[in-house]
Amino acid sequence: MTMLRSLFLSLSLFCLLPAIAGAQAATPAPVECVVPSKPGGAMDLTCKLAKKGLAQEGAAGVAAPMRISYLPGGIGAVAWHSMVSQRRRAEPNTLVAFSGGSLLNLAQGKFGNAKAGDVRWVAALGADYGMIAVRSDSPYKTLADLIAALRQHPDKVLIGVSGTIGSQDWLKMALVARHAGIDPKVLRFVALEGGGEVFTAMQADYVQVVSGDTSEATLNASANHARVLAVLSEKRLPGVLAGVPTAREQGIDVVWPIIRGVWMGPQVPEADYQRWVATFERAMATPQFAEWRAQAGLYPFALTGPKLTAYVRKAVDDYARQATELGLMR
């Protein structure tokens with residue numbers, strides 16, 4: 001009887017194996033979104049927006065659960081080289097956040113010999129704009145106040161930027177200064193790693209000015225941690241920053257839009273790549289995603305797959321031309 005019972009149990013387990021295997025196969029693989037900077041900046045916001053969007057009904061079976069990790073260094077260079085290394089080139093469920101600043105660094109050769117075609121561009125989740133901000137208790141009430149101080153004592157005003165000379169934050173402030181008749185070379189920049197660190201440095205009064213992005217400013221302005229002096233957009237922006245004038249309104253004709261999205265490794269199988277493209281297309285088409293995007297301080301801009309790839313390649317070429325004109329190319 002004991003032998004018969006054992007045989008029966010063995011047969012039962014054998015019959016259940018296909019069902020167990022099927023259940024395991026149906027379990028979504030873990031998904032990771034890599035932030036190529038320290039926590040708190042716009043790259044962080046990009047991954048958090050992706051996480052919300054992919055957790056929606058219909059996308060959860062593909063994307064959940066998503067984990068956000070941080071891989072700062074070289075303003076995106078460390079994350080780039082990690083994902084194109086042999087070890088991670090084909091990971092089908094790892095996404096990396098990028099911005100227009102990433103494309104600018106790519107164009108200037110700050111990622112080494114990397115090219116736009118070295119990775120797979122998945123989705124642009126929204127658009128951002130440059131901005132200039134100071135502490136909420138700063139003596140600079142307007143962009144004109146700041147420009148006057150930079151003209152008189154440029155050595156006494158420290159400007160925090162994410163990246164070094166030639167980064168997009170550096171370029172934004174350099175263009176503002178140039179349009180105001182100030183030589184950018186006399187400005188004092190402090191290079192930091194990511195927007196979160198830049199705003200932290202300003203709160204500690206380590207720097208007095210931030211050249212950054214409106215998505216980062218939205219979080220800090222709503223918490224009364226910063227006063228935004230100007231947004232670098234064509235017209236005033238809705239939401240928290242609706243009362244902030246553009247640089248153009250204040251006599252400085254500088255506009256700086258910023259794309260934000262995600263890419264993946266170069267050897268990700270085509271089927272997995274197309275799955276992600278389709279997943280983001282569905283997620284971004286929902287009213288809920290539009291609401292989350294606005295809460296993140298981003299504005300509508302949705303491209304995926306081949307259209308995004310074409311946009312990125314053109315943007316890198318345009319940035320390379322601008323950098324060459326400014327004498328920034330290595």
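Counting from 1, the numbers follow the sequence of the chain as shown.
Here K314 pairs with D318 in a salt bridge; the nearest charged N to carboxylate O distance falls below 4.0 Å. The pair K185-D183 fails the salt-bridge criterion, with no side-chain N (NZ, NE, NH1 or NH2) lying under 4.0 Å from an Asp/Glu carboxylate O. A salt bridge is absent between K115 and D118: the closest approach of a Lys/Arg side-chain nitrogen to an acidic carboxylate oxygen does not fall below 4.0 angstrom.
Side-chain atoms of R260 do not come within 3.5 Å of backbone N or O of G126 as any donor-acceptor pair. For the pair Q250 (side chain) and L229 (backbone), a donor-acceptor distance under 3.5 Å is present. Judged by distance alone, the side chain of D128 and the main-chain N or O of S215 form a donor-acceptor pair under 3.5 Å. R188 places no side-chain N or O within 3.5 Å of a backbone atom of L158 that could act as its donor or acceptor partner. Although no hydrogens or angles enter the test, the distance criterion places a donor-acceptor pair under 3.5 Å between the side chain of Q108 and the main chain of G166. Not a single donor-acceptor pair under 3.5 Å links the side chain of E91 to the backbone N or O of R88. Not one N or O on the side chain of S211 forms a donor-acceptor pair closer than 3.5 Å with the backbone of V161. Between the T46 side chain and the A42 main chain, a donor and an acceptor come within less than 3.5 Å of each other. Proximity of a side-chain donor or acceptor of H153 to a complementary backbone N or O of A149 within less than 3.5 Å is not detected. Between the side chain of D145 and the backbone N or O of K141 there is at least one donor-acceptor pair closer than 3.5 Å.
Put simply, CG on D213 and CD on Q168 are 5.5 Å apart, with the number rounded to the nearest 0.5 Å. For the atom pair Y206 OH and L192 CG, the distance stands at 6.5 Å (nearest 0.5 Å). Going from atom CG of L104 over to atom CD1 of I258 covers 10.5 Å, rounded to the nearest 0.5 Å. Distance OG1/T304 to CD/Q274: 9.0 Å, rounded to 0.5 Å. Interatomic distance, CD of Q295 versus OG1 of T218, reported as 11.5 Å (0.5 Å rounding).
Counted within 6.0 Å of CD on E270, heavy atoms from surrounding residues, nucleotides or ligands total more than 12; the atom is thus considered enclosed. Within a 6.0 Å radius of CZ in R151, more than 12 heavy atoms belonging to other residues, nucleotides or ligands are found. Applying the 6.0 Å contact sphere to NZ of K307 captures no more than 12 heavy atoms from other residues, nucleotides or ligands.
Put simply, L232 and F301 are part of the same group of oily side chains (I, L, V, M, F, W, Y) that touch within less than 4.5 Å, one to the next. Hydrophobic cluster membership differs between L95 and Y70, with clusters built from Ile, Leu, Val, Met, Phe, Trp and Tyr side chains linked at under 4.5 angstrom. V312 and V96 fall within a single hydrophobic cluster, where Ile, Leu, Val, Met, Phe, Trp and Tyr are joined by side-chain heavy atoms under 4.5 Å apart, directly or via other members. In the hydrophobic clustering of this structure, M264 does not group with I68; members are Ile, Leu, Val, Met, Phe, Trp, Tyr whose side-chain heavy atoms approach within less than 4.5 Å, directly or through other members. In the hydrophobic clustering of this structure, L71 groups with V119; members are Ile, Leu, Val, Met, Phe, Trp, Tyr whose side-chain heavy atoms approach within less than 4.5 Å, directly or through other members.
Classified by interplanar angle (parallel below 30°, tilted 30° to 60°, perpendicular above 60°), the ring pair F189/W170 is tilted.
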Evaluate the side chain to side chain contact (heavy atoms under 4.5 Å, CB included) criterion for residues E234 and R248: first the C-alpha distance (whole Å), next the side-chain angles of each, then the deciding distance (0.1 Å), finally the verdict. CA-CA 8 Å; E234 295 88 351; R248 277 181 171 176; 4.2 Å; yes
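Residues Y319 and N105 have side chains that never bring a donor and an acceptor to within less than 3.5 angstrom of each other. A donor-acceptor pair shorter than 3.5 Å cannot be found between the side chains of N93 and R67.
Minimum interatomic distance between D44 and V35 (heavy atoms only, all atoms of both residues): N-CG1, 3.6 Å. Scanning all heavy atoms of the two residues, the minimum distance from V207 to V198 falls at CG2-O, 4.2 Å.
Proximity of P92 to W276: side-chain heavy atoms (C-beta onward) are nowhere separated by under 4.5 Å.
Between F98 and W121, a ring centre-to-centre spacing shorter than 6.0 Å is recorded.
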